[in-house]
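In what follows, a single structure is set out as structure tokens and then discussed.
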Protein chains: 2
Amino acid sequence: MGAAAYARLRDAGLRPTRQRLELASLLFDGHPRGRHVTAEMLFAEARADGARVSLATVYNTLNQFTGAGLLREVVVEPGTSHFDTNTGDHHHLYFEDSGELRDVDADRIEIKGLPPIPRGAEVARVDVIVRLRRK
Amino acid sequence: MGAAAYARLRDAGLRPTRQRLELASLLFDGHPRGRHVTAEMLFAEARADGARVSLATVYNTLNQFTGAGLLREVVVEPGTSHFDTNTGDHHHLYFEDSGELRDVDADRIEIKGLPPIPRGAEVARVDVIVRLRRK
DNA sequence: CAATAGTTTAGAATAACTCTAAACTGCTGC
DNA sequence: GCAGCAGTTTAGAGTTATTCTAAACTATTG
Ligand SMILES: [Mn+2]
Ligand SMILES: [Mn+2]
Ligand SMILES: [Zn+2]
Ligand SMILES: [Zn+2]
């Protein structure tokens, strides 16, 4: 069950501890389409799953995974970070009412007319967020 | 000096108090190109200007101005909201190192390939954020 | 299996706000 | 002009998301 998680941590150079394995498993196993979670969401899920993990470790782990390129952080609202298991180039639909994030593949999208990048700077990433509300 | 600020508050249906006039003045007067401020930034600026305002009022005022359409809120990093005096349709360049936000006019930009809007939802706004780092 | 570097964790600390309730002030009407 | 009141301000307490601390634990290596 945790074989994929184990390999993932190894490849990322992260020591495969019980907590990291559990969290990686929850995040990645059986979720081919990618997930978007907050620290609290993942913490609740881990607890519900019977895992013994602290909230501090969930935060630490999410940040470490992000640093290692296993996750990416998406900021759509003040006050809470969302972590995204889809690290490929993509954008988001954000449902303001429910807080749901849905992926939009980047190569279906074309952005024209972006200004020239200032000298000495480079593009780290381009985020497109389509904010939706109930009609 | 505060005539423009006075009219602006009046038109927005906000009672022109000393604090609101001062903050509106700092935000809008002599800044035709628009500004991006955090609550702490505006608070410091007001204090430096000799204004007697509390931080709570700065927050209240920024939220009220936003509600009234005089400002808009931009979220680029977890933990802090930026308020934007440019309420027109536009996007942003975000310098990750310095935290600076720079406007990108929306009608210079064209976004193609956005997915269909789900039934029952409507687009509240589309945010494009080009994140830049030092090369 | 010992040694140790890396990890986890409870609880304290911080940062960015928001709330409360009391004091104050911009309008309105007289 | 001023009373009266709704709307506003504010100090300080409270909240929430997140990070820090430093002590206890564990994966890895020899
Ligand atoms: Mn972070
Ligand atoms: Mn707000
Ligand atoms: Zn995503
Ligand atoms: Zn702007």
Side-chain angles (χ1 to χ4, degrees), chain A residues 2-3 5-26 36-47 49-68 70-71 73-83 99, chain B residues 2-3 5-26 36-47 49-68 70-71 73-83 99:
Chain A
Y6 193 91
R8 199 181 295 261
L9 292 182
R10 255 301 151 76
D11 295 352
L14 294 168
R15 193 183 281 192
T17 65
R18 174 172 54 76
Q19 292 86 336
R20 284 180 184 159
L21 285 167
E22 172 82 30
L23 295 175
S25 222
L26 289 174
H36 304 92
V37 301
T38 63
E40 285 290 353
M41 282 168 59
L42 184 59
F43 179 59
E45 193 176 334
R47 302 303 300 279
D49 204 49
R52 298 185 331 277
V53 203
S54 70
L55 181 57
T57 293
V58 171
Y59 274 105
N60 288 340
T61 302
L62 287 172
N63 285 325
Q64 289 155 171
F65 283 12
T66 301
L70 300 181
L71 292 176
E73 199 172 354
V74 183
V75 187
V76 282
E77 54 185 341
T80 318
S81 279
H82 293 249
F83 293 87
Chain B
Y6 193 90
R8 200 180 294 261
L9 292 182
R10 254 304 153 75
D11 295 351
L14 294 168
R15 193 183 280 191
T17 65
R18 174 173 53 77
Q19 291 85 338
R20 284 180 184 157
L21 285 166
E22 173 82 30
L23 295 176
S25 222
L26 288 174
H36 303 92
V37 301
T38 63
E40 285 291 353
M41 282 168 59
L42 184 59
F43 179 59
E45 194 177 332
R47 301 303 300 278
D49 203 50
R52 300 182 332 276
V53 202
S54 70
L55 182 57
T57 293
V58 171
Y59 274 106
N60 288 341
T61 302
L62 287 172
N63 285 138
Q64 289 155 173
F65 283 12
T66 301
L70 301 181
L71 292 176
E73 199 172 354
V74 183
V75 187
V76 282
E77 56 186 339
T80 318
S81 279
H82 293 248
F83 293 87

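Convention: sequence-line order gives letters A, B, ...; per-chain numbering from 1. Worth knowing before you read on, the calculation uses all heavy atoms, side chains too, and leaves out hydrogens, waters and symmetry mates. Given the structure is predicted, the values throughout are model-derived calculations rather than measurements.
Summarising the geometry, the separation between CZ on A:Phe83 and C1' on D:dT18 is reported as 10 Å, rounded to the nearest angstrom. In this structure, CD of B:Glu73 is placed 8 Å from P of C:dC17, rounded to the nearest angstrom. If you take CE of B:Met41 and P of C:dC17, they are 13 Å apart, rounded to a whole angstrom. Computed from coordinates, the B:Leu62 CG to D:dT10 P distance equals 13 Å when rounded to whole Å. The distance from atom CG of B:Leu55 to atom C1' of C:dC19 is 14 Å, rounded to the nearest whole Å. Computed from coordinates, the A:Arg52 CZ to D:dT26 P distance equals 9 Å when rounded to whole Å. Atom CG of A:Leu23 and atom C1' of C:dT8 are 12 Å apart (whole Å). Rounded to whole Å, atom P of C:dT20 lies 18 Å from atom OH of B:Tyr59.
Across all strands shown, A:Thr57 has heavy atoms under 4.0 Å from base atoms, whether or not it also approaches the sugar-phosphate.
The side chain of A:Arg15 places no N or O atom within less than 4.0 Å of a non-bridging phosphate oxygen (OP1 or OP2) of D:dT28. Contact between the side-chain N/O atoms of B:Arg10 and the OP1/OP2 oxygens of C:dC27 is found at a separation under 4.0 Å. Within the structure, every side-chain polar atom (N or O) of B:Arg20 is placed at least 4.0 Å from both OP1 and OP2 of D:dG7.
When each of B:Glu40 and B:Tyr6 is assigned the nucleotide of DNA chain C with its nearest heavy atom, B:Glu40 is the one assigned upstream, toward the 5' end. Nearest-nucleotide assignment on DNA chain C puts the 5′-proximal partner with B:Asn60, out of B:Thr17 and B:Asn60.
Nearest nucleotide to the side chain of B:Ser81, out of C:dT9, C:dC17, D:dT18: C:dC17. Which of D:dT18, D:dT19, D:dT9 sits closest to the side chain of A:Asn63 comes down to D:dT19. Picking from C:dT7, C:dA16, D:dA17 the nucleotide with the shortest atom distance to the side chain of A:Thr80 gives D:dA17. Looking at the side chain of A:Gln19, the nearest of the listed nucleotides C:dT8, D:dT10, D:dT18 is C:dT8.
Side-chain atoms of A:Tyr59 and A:Leu42, non-hydrogen and from C-beta on, never get closer than 4.5 Å to each other. Between B:Arg52 and B:Glu22 the shortest side-chain heavy-atom distance does not fall below 4.5 Å. For the pair B:Val58 and B:Gln19, the minimum side-chain heavy-atom distance is 4.5 Å or more.
B:Phe43 and B:Leu55 make their closest contact through CE1-N, 3.4 Å (heavy atoms, listed as atom of the first residue, atom of the second, distance).
Using a distance-only test at 3.5 Å, with no hydrogens or angles considered, a donor-acceptor pair links the side chain of B:Arg20 to the main chain of B:Arg15.
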